[in-house]
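Okay, so here's the structure we're looking at.
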Amino acid sequence: MNTIISIRKRLGLSQVEFAAALGVTQGTVSNMEIGRYVIRPNLAQKVIEVAASHGLSVTYDDIYRPATQPTTPQEAA
């Protein structure tokens, strides 16, 4: 599973809500999730900040690590 999808779902946000929080379009979030958009460090920092504002700790390693299978039931949802 793509790590951006996992992070967004753990935050409980739709693509539209996540996009608004990041200051990008829903299309950009969609492209990030399918791997068509390279996440630059400034956007990665915004992901970290949005996650923190929702009480979730996310690091650059979480964002840039290779996609893996879901590790929790929430990630699989």
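Here the CD1-CE distance, from I5 to M32, works out to 10.0 Å after rounding to the nearest 0.5 Å. Atom CD1 of I39 and atom OG1 of T28 lie 10.5 Å apart (nearest 0.5 Å). Remark: R10 CZ to S57 OG distance equals 8.5 Å, nearest 0.5 Å. One distance of note links CD1 of I4 with OH of Y64; it measures 8.5 Å at 0.5 Å rounding. The line from OG of S6 to CG of D62 is 8.5 Å long, rounded to the nearest 0.5 Å.
Closest approach of A19 to Q26, counting heavy atoms only: CB-N, 3.6 Å. Contact detail for A44 and Y60: the closest heavy-atom pair is CB-CE2, 3.7 Å.
Within the structure, every pair that satisfies the salt bridge (charged side-chain N to carboxylate O under 4.0 Å, His left out) test and touches residues 32-56, not counting sequence neighbours, is listed here: R8-E33.
Hydrophobic clustering of Ile, Leu, Val, Met, Phe, Trp and Tyr side chains at less than 4.5 Å, counting indirect connections, keeps L43 apart from I34.
A 4.5 Å side-chain heavy-atom check between V47 and F18 finds at least one atom pair inside the cut-off. The shortest side-chain heavy-atom distance between T59 and I48 does not fall under the 4.5 Å cut-off.
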* Check step by step if side-chain contact (heavy atoms from CB on, under 4.5 Å) holds for L11 and E17. => CA-CA 10 Å; L11 293 172; E17 293 166 330; over 6 Å; no
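Counting side-chain heavy-atom gaps under 4.5 Å among Ile, Leu, Val, Met, Phe, Trp and Tyr, V16 is found in no cluster with other residues.
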